[in-house]
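Right, one structure below, let's go through it.
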Amino acid sequence: MRGERGSVSVLAIGLFTIVVAMLFVAAAATSIYLQHRHLLALADDTANALARSFDEPAYYLEGRVDVIDEERARRRADELVSSWPARVGSYVSHTRLEEIRVEAPSRVVVRLSGVAVVRWWPAFLDPLAPRVRLDVTSHAELAVLR
């Protein structure tokens, strides 16, 4: 009986350590997921803005349906990227506009990338903080009603 004394406290400490580690893993996964959602929302917003920047005179006056021009979309995308608030980069670091593609006369594809960093990591350990590269793609289509 004497040899088993204190074995419950060792088990309790071990269980506590496992539970705390699981909480940290869950917090890290949640942090990365939220940063992914933020980047996806930014890609959606950019794609929708590009789809809305169609050539209005060509659509309304000439009746054309090929109203999204790639060069115009690229210029508009450059304007949008330069107007992104500084907090975008602070939430998902290294946010970049990777690709803009006009797939159909009225469809735009936007691809963004960024790096998710676990936010609860102590500041002095920041160089060691886990980082995950994020890539998101968003499609937007202009509904042409005729």
Side-chain angles (χ1 to χ4, degrees), residues 1-56 58-59 65-146:
M1 197 74 175
R2 226 175 230 272
E4 294 181 19
R5 192 173 184 144
S7 63
V8 172
S9 61
V10 172
L11 287 175
I13 290 172
L15 182 62
F16 177 76
T17 304
I18 290 171
V19 167
V20 168
M22 288 176 58
L23 287 174
F24 277 125
V25 168
T30 301
S31 174
I32 291 170
Y33 172 75
L34 290 175
Q35 290 176 65
H36 180 266
R37 295 289 299 175
H38 180 78
L39 193 63
L40 186 58
L42 187 62
D44 286 343
D45 185 43
T46 304
N48 285 330
L50 293 179
R52 286 192 311 267
S53 67
F54 65 98
D55 187 1
E56 292 180 28
Y59 177 72
V65 293
D66 57 336
V67 292
I68 298 178
D69 149 272
E70 191 149 350
E71 183 58 37
R72 184 181 183 140
R74 288 191 190 288
R75 282 195 313 269
R76 178 70 177 128
D78 289 338
E79 293 170 12
L80 287 170
V81 169
S82 65
S83 71
W84 282 348
R87 62 184 164 81
V88 168
S90 68
Y91 195 68
V92 179
S93 62
H94 306 295
T95 302
R96 289 185 26 193
L97 180 63
E98 294 288 340
E99 178 184 18
I100 299 169
R101 204 170 57 241
V102 178
E103 283 189 340
S106 59
R107 183 182 175 101
V108 177
V109 177
V110 172
R111 188 168 63 89
L112 299 180
S113 69
V115 177
V117 180
V118 176
R119 296 292 173 197
W120 50 264
W121 202 260
F124 68 91
L125 291 176
D126 196 44
L128 303 174
R131 287 169 167 67
V132 177
R133 179 170 167 77
L134 302 175
D135 286 304
V136 296
T137 303
S138 181
H139 305 264
E141 190 160 354
L142 179 67
V144 180
L145 304 174
R146 287 275 173 209

>> Does Arg96 have more than 12 heavy atoms from other residues, nucleotides or ligands lying within 6.0 Å of its CZ?
In response: no

>> As an exercise, state the distance from CZ of Arg74 to CG of Leu50, rounded to the nearest 0.5 Å.
In response: 10.0 Å

>> Can you tell me which residue among Asp44, Leu40, Asp135, Leu39 is in a side chain to side chain contact (heavy atoms under 4.5 Å, CB included) with Leu112?
In response: Leu39

> In terms of heavy-atom contacts, does CZ of Arg37 have more than 12 from other residues, nucleotides or ligands at under 6.0 Å?
Replying inline: no

>> How long is the straight-line distance from CG of Leu97 back to CZ of Arg111, given to the nearest 0.5 Å?
In response: 9.5 Å

>> So which atom in Val92 and which in Thr95 form the shortest heavy-atom distance, rounded to 0.1 Å?
In response: O-OG1, 2.6 Å

>> Checking side chain to side chain contact (heavy atoms under 4.5 Å, CB included) between Leu134 and each of His94, His38, His36, which is the one that passes?
In response: His36

>> Give me the atom names and distance for the closest heavy-atom approach of Val136 to Ala43.
In response: CG2-CB, 3.9 Å

> Ser93 side chain to Val115 main-chain N or O, any donor-acceptor pair under 3.5 Å?
Replying inline: yes

> Of all residues at least two apart in sequence or in a different chain, which pass the salt bridge (charged side-chain N to carboxylate O under 4.0 Å, His left out) check with Asp45?
Replying inline: none

> How far does OG1 of Thr137 sit from CZ of Arg101, to the nearest 0.5 angstrom?
Replying inline: 7.5 Å

> So, for Ala140 and Asn48, which heavy atoms are closest and what is the spacing to 0.1 Å?
Replying inline: CB-OD1, 3.5 Å

> Where is the tightest heavy-atom contact between Ala116 and Gln35, given as atom of each residue plus distance?
Replying inline: CA-OE1, 3.2 Å

> Does Ser31 use its side chain to pair, donor to acceptor, with the backbone of Ala27 at less than 3.5 Å?
Replying inline: no

> Looking at residues at least two apart in the chain, or sitting in another chain, which of them share a ring-ring contact (aromatic ring centres under 6.0 Å, His included) with Tyr33?
Replying inline: none

> For the atom pair CZ (Arg76) and OG1 (Thr46), what is the distance rounded to the nearest 0.5 Å?
Replying inline: 9.5 Å

